[in-house]
Q: 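Shown below is the structure under consideration.
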Amino acid sequence: MTITDSPRPVTDAPDFDDLAELISAAARRHPRRRLEPDVTIVVPAKNEADNLREVLPELPPVHEVLVVDGHSDDDTVAVARAIHPGVRVVQQTRRGKGNALACGFAAATGDVIVMFDADGSADPAEIPRFVDALVGGADFAKGTRFAPGGGSHDITALRAAGNSGLNRLSNTLFSGAFTDLCYGYNAFWRDLVPRLALPPVFARRGENMVWGDGFEIETVINCRVAALGLWITEVPSVERKRLYGETNLRTFSDGGRVLRTLVAEWQRVGKQRRTHRFEAVRTPLTAPGEVTT
C-alpha cells in the first residue's frame with residue numbers, strides 16, 4: 001500500500017465506505033495464522049484531522065488501514081482519504097471508542113488486527129513488534145508502558161498510580177499478569193473477534209451508551225482474553241504525547257468506569273462458569289457405545 005510523505009490539499013469529504021458491505025467481505029475472507037500475516041490497522045478517530053495529517057504518513061505499508069470516524073465535526077474523513085490513498089473509512093454505528101473499534105474489527109479483512117489511536121500517542125514503528133509477538137505464538141499482543149523498554153511521555157503520576165492499583169485488582173480477579181491494563185495499543189489474530197463477544201455493531205441505539213461502547217473497551221477486551229485462557233505476550237511500548245487537541249480521558253470518571261468494568265467482567269465469568277456447571281449436571285452422561293434418543 002502506498003503511503004505519501006506529505007499532505008495533499010483536502011477537498012470535500014467523499015462518502016463513507018459501506019460498513020455492511022465491508023463486514024460481508026470480511027466474513028468471506030477467512031483469517032489465517034501464518035508467518036507473514038496480512039495486517040489491518042484499525043484507527044478510531046473523532047475530530048482528529050490535525051493528528052491524522054501527522055500520523056497516517058508514519059504507518060508502515062500493510063494490507064489495510066481502516067479509519068472509523070466518530071461523527072466528526074472537522075475534516076477527519078477528508079484528511080484520511082487525502083493523506084493515505086486506499087484507506088477505508090467507515091462511520092461508527094453508535095458513539096464511543098468501544099463501538100468504533102468493534103465496527104473496525106467487524107470490517108477488517110486482515111489476519112491480524114492492530115488497535116491504533118489517532119492522536120499520535122502510539123508509535124507506528126512499534127507495529128512490527130506486535131506482529132512478531134503474534135507470529136511467535138501469542139494469541140494477543142498487549143502493549144505495556146511499564147515493562148523494560150517501555151515508557152510514557154504523557155501519563156501523569158496520578159494516572160500511573162491508578163493504573164497500578166487497577167492492574168493488581170485485575171490480576172487478582174483473572175489470575176493474570178498484566179503490567180499495564182489501561183493501555184490501548186494492542187494487536188491480536190482476527191479469528192478471536194467472535195470470541196470477544198463485543199456488542200453487535202448494528203444493535204439499536206438508545207439514549208444510554210451500550211456497555212462496551214465507551215473507553216472501557218480496552219479493559220473489556222483484556223479481561224475476556226485473560227478469562228479465555230489465551231496466550232498473552234506483553235510488548236514494551238513508549239507512549240508519545242498527543243500531538244494536537246485535548247484528550248477525552250477523564251482520570252476519575254474513566255478510572256471508575258474501568259473499576260466497574262473489572263467487577264462486571266468478573267461477575268460475567270462467574271455466571272458463565274455456573275451456567276456450564278448447571279448444564280453439565282442437567283445433561284446425562286452417555287456410556288461408551290450408547291446411543292441417546
Side-chain angles (χ1 to χ4, degrees), residues 15-31 38-46 64-72 76-77 87-118 139-140 174 184 186-230 248 254 257-258 260-276 279:
D15 293 338
F16 291 99
D17 290 295
D18 187 281
L19 179 60
E21 289 184 2
L22 293 185
I23 291 175
S24 179
R28 294 192 299 269
R29 193 177 194 275
H30 299 293
D38 289 337
V39 176
T40 295
I41 302 175
V42 175
V43 187
K46 181 177 181 179
E64 180 179 53
V65 176
L66 259 169
V67 172
V68 186
D69 177 66
H71 307 277
S72 296
T76 289
V77 176
V87 68
R88 296 182 182 273
V89 183
V90 299
Q91 190 171 64
Q92 67 179 98
T93 54
R94 294 188 294 277
R95 60 190 177 96
K97 184 179 182 180
N99 173 250
L101 285 172
C103 290
F105 297 167
T109 61
D111 305 305
V112 164
I113 294 175
V114 177
M115 300 163 53
F116 193 87
D117 286 345
D139 297 302
F140 189 84
F174 296 95
N186 307 306
F188 55 92
W189 294 102
R190 181 164 67 95
D191 59 21
L192 296 183
V193 172
R195 302 182 68 183
L196 296 178
L198 300 178
V201 297
F202 291 116
R204 182 176 299 178
R205 181 191 303 183
E207 293 183 2
N208 298 322
M209 183 176 286
V210 176
W211 182 255
D213 275 2
F215 276 109
E216 71 276 6
I217 183 63
E218 285 102 348
T219 305
V220 167
I221 291 174
N222 294 335
C223 290
R224 294 184 182 181
V225 168
L228 288 168
L230 300 176
N248 292 316
D254 289 328
R257 195 170 181 88
V258 170
R260 292 194 299 274
T261 301
L262 289 173
V263 174
E265 289 298 310
W266 180 67
Q267 292 174 334
R268 176 179 181 272
V269 170
K271 181 178 179 180
Q272 288 177 334
R273 289 173 178 170
R274 289 192 298 272
T275 300
H276 291 162
E279 290 178 346

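All values reported here derive from a predicted model rather than from experimental measurement.
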Q: I need the minimum non-hydrogen distance between W211 and E265, along with the two atoms involved.
A: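 What the structure gives for the nearest pair is NE1-OE2, 4.2 Å.
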Q: Going by side-chain hydrogen bond (donor to acceptor under 3.5 Å, both in side chains), name the residues that satisfy it together with D17, two or more places apart in sequence or in a different chain.
A: R81
Q: Would you say that V225 contacts L196 through its side chain, given a criterion of any heavy-atom pair below 4.5 Å between the two side chains?
A: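 Contact flag for V225/L196 side chains = yes.
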Q: When rounded to the nearest 0.5 angstrom, what distance separates CG in L192 from CZ in R224?
A: 13.5 Å
Q: For the CG atom of L101 and the CG atom of L198, what is their distance to the nearest 0.5 Å?
A: 8.5 Å
Q: Distance from R190 atom CZ to R29 atom CZ, nearest 0.5 Å?
A: 7.0 Å
Q: Would you indicate whether R88, at its atom CZ, is surrounded by more than 12 heavy atoms from other residues, nucleotides or ligands within a distance under 6.0 Å?
A: no
Q: Check the pair V65, F116 against side-chain contact (heavy atoms from CB on, under 4.5 Å), reporting the backbone distance first and the verdict last.
A: CA-CA 10 Å; V65 176; F116 193 87; over 6 Å; no
Q: Decide yes or no on side-chain hydrogen bond (donor to acceptor under 3.5 Å, both in side chains) for R28 and S24, but give the supporting numbers first.
A: CA-CA 7 Å; R28 294 192 299 269; S24 179; 2.9 Å; yes
Q: Would you check if the side chain of R94 reaches a backbone N or O of A203 as a donor-acceptor pair within less than 3.5 Å?
A: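 At least one qualifying donor-acceptor pair exists.
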Q: Apply the side chain to side chain contact (heavy atoms under 4.5 Å, CB included) test between Q92 and each candidate in D213, D69, V68, V201; give the one that qualifies.
A: V68
Q: Give me the one residue out of L230, V112, V193, D139 that meets side chain to side chain contact (heavy atoms under 4.5 Å, CB included) with F188.
A: V193
Q: Does this structure show an ion pair linking K97 with E218, if we count only N-O contacts that are shorter than 4.0 Å?
A: yes
Q: I want to check something: taking the side chain as every heavy atom from C-beta on, are V210 and N99 in contact at a cut-off of under 4.5 Å?
A: no
Q: Are V77 and S72 side-chain neighbours, meaning at least one heavy-atom pair lies under 4.5 Å?
A: no
Q: Which value, rounded to the nearest 0.5 Å, describes the distance between R260 atom CZ and T219 atom OG1?
A: 11.5 Å
Q: How long is the straight-line distance from CD1 of I221 back to OG1 of T261, given to the nearest 0.5 Å?
A: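 If I round to the nearest 0.5 Å, the distance is 11.5 Å.
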Q: Please report the interatomic distance CD1(I113) to CZ(F140), rounded to the nearest 0.5 Å.
A: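 Here the interatomic distance stands at 10.5 Å.
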Q: Taking C-beta and beyond as the side chain, do T76 and K46 meet within less than 4.5 Å on heavy atoms?
A: no
Q: Going by heavy atoms in the side chains, are V87 and V43 under 4.5 Å from each other?
A: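 No, their side chains stay 4.5 Å or more apart.
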